[in-house]
Amino acid sequence: MDLKEYIRSIPDYPKKGILFRDITTLIKNEKAFAETINQIVEISKSFDFNKVAAIESRGFVFASAVSYVLKKPFIMLRKKNKLPADVHSIDFELEYGKATIEVHKDSIDEKEKILIIDDLIATGGTAEAAAKLVEMSKGIVSGFIFVINLFDLGGNDQLEKKYKIKSLISFPGH
Ligand code: AMP
């Protein structure tokens with residue numbers, strides 16, 4: 001099954017010059033969604049980790065299913081002001097704006113190894129912020145798995161210098 005065929009590409013969304021890679025067309029097909037989760041689970045076997053963490057909100061769609069299959073705890077890295085208890089917080093730049101993500105201070109214990117999952121890596125800013133949150137929590141980033149790598153936006157190459165990264169699908173960014 002070629003998962004690429006299930007990703008819809010929408011030009012100039014959410015603003016001019018961005019080619020948006022839409023995963024709703026992948027997850028609305030139950031076979032493609034299941035294949036995606038199975039592939040992530042398979043790839044995750046080459047990582048050493050205790051917990052799965054994901055970035056709100058499309059990361060949750062994939063990572064919670066992976067966490068369920070693997071019977072590993074699931075940690076939510078959420079947008080600003082969504083988590084109710086004490087948080088670590090980090091500001092970062094997006095391909096199309098600025099953002100903040102947070103994690104509960106009691107989500108990750110010292111030296112716990114965390115596999116981070118997201119739908120897509122573009123510039124890598126979000127992924128880097130996620131890694132910083134894990135490290136602020138004194139956890140260890142085991143690595144990243146992405147469904148989509150927009151390889152010519154450079155995030156993968158930048159992050160690869162420090163962390164192990166795998167992706168299921170690659171697309172040019174534009
Ligand atoms: P970045 O921080 O630049 O690596 O951006 C990654 C995050 O922004 C991911 O969580 C994606 O959901 C979203 N994103 C960035 N660029 C795109 C794109 N071209 N199509 C779809 N989602 C994108």
Side-chain angles (χ1 to χ4, degrees), residues 2-29 32-33 36-37 39-40 43-44 47 51-67 74-83 87-103 107-108 114-136 141-174:
D2 187 3
L3 295 179
K4 250 182 162 168
E5 288 172 7
Y6 293 88
I7 305 291
R8 173 165 54 189
S9 299
I10 301 177
D12 299 325
Y13 182 89
K15 65 179 198 192
K16 207 164 172 47
I18 305 284
L19 181 55
F20 194 85
R21 305 294 183 171
D22 178 19
I23 54 121
T24 65
T25 41
L26 174 86
I27 62 177
K28 79 171 187 180
N29 180 293
F33 188 26
T36 305
I37 299 305
Q39 286 193 20
I40 298 174
I43 291 172
S44 78
F47 290 78
K51 288 180 174 172
V52 175
I55 306 161
E56 183 172 2
S57 54
R58 276 165 281 157
F60 293 173
V61 173
F62 300 100
S64 62
V66 169
S67 162
F74 180 57
I75 306 301
M76 296 199 285
L77 310 178
R78 296 210 63 183
K79 288 171 186 156
K80 201 179 170 70
N81 296 330
K82 298 278 187 188
L83 291 169
V87 293
H88 294 299
S89 185
I90 192 124
D91 301 323
F92 64 101
E93 303 277 332
L94 276 174
E95 190 187 355
Y96 38 76
K98 279 188 190 209
T100 303
I101 53 169
E102 300 182 329
V103 67
S107 281
I108 297 168
I114 311 297
L115 174 66
I116 302 170
I117 295 178
D118 203 4
D119 67 322
L120 181 146
I121 180 163
T123 65
T126 310
E128 210 169 300
K132 279 190 191 142
L133 279 183
V134 170
E135 286 159 359
M136 280 168 93
V141 177
S142 156
F144 293 87
I145 301 177
F146 300 96
V147 179
I148 302 168
N149 172 21
L150 302 187
F151 59 84
D152 57 2
L153 296 184
N156 186 84
D157 294 353
Q158 191 57 33
L159 220 64
E160 214 167 38
K161 292 179 189 158
K162 256 184 104 177
Y163 304 104
K164 175 171 171 171
I165 304 184
K166 301 270 183 197
S167 306
L168 308 189
I169 304 170
S170 289
F171 279 118
H174 301 287

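Counting starts at 1 for both ligands and their atoms, in listed order. Computed over heavy atoms, backbone and side chain alike; hydrogens, waters and symmetry mates excluded.
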Short question: side chain of Asn29, backbone of Ala32 - any donor-acceptor pair under 3.5 Å? yes

Is there a polar contact, in the sense of an N or O pair closer than 3.5 Å, between [X] and ligand 1?
X	answer
Ala122	yes
Phe20	no
Ile18	no

Results of ring pair (Phe, Tyr, Trp, His ring centres under 6.0 Å) for Tyr163 - residues two or more places apart only: Phe144

So, 4.0 Å and heavy atoms of Gly155: is ligand 1 close enough to count as a contact? no

With Gln158 as partner, the option from Glu160, Lys161, Lys162 fulfilling side chain to side chain donor-acceptor pair (under 3.5 Å) is Lys161

So between [options], whose heavy atom ends up nearest [atom]?
atom	options	value
atom 10 (O) of ligand 1	Ile55, Asp118, Thr126	Asp118
atom 18 (C) of ligand 1	Leu94, Leu19, Ile7	Leu19
atom 12 (O) of ligand 1	Ile23, Leu120, Leu153, Asp119	Asp119

Among Leu168, Val52, Ile23, Ile145, find the one that has a side chain to side chain contact (heavy atoms under 4.5 Å, CB included) with Phe62. Ile23

With salt bridge (charged side-chain N to carboxylate O under 4.0 Å, His left out) as the rule and sequence neighbours excluded, what pairs involving residues 18-28 come up? Arg8-Asp22

Any cation-pi pair here, Lys4 with Phe171, using under 6.0 Å and within 45°? yes

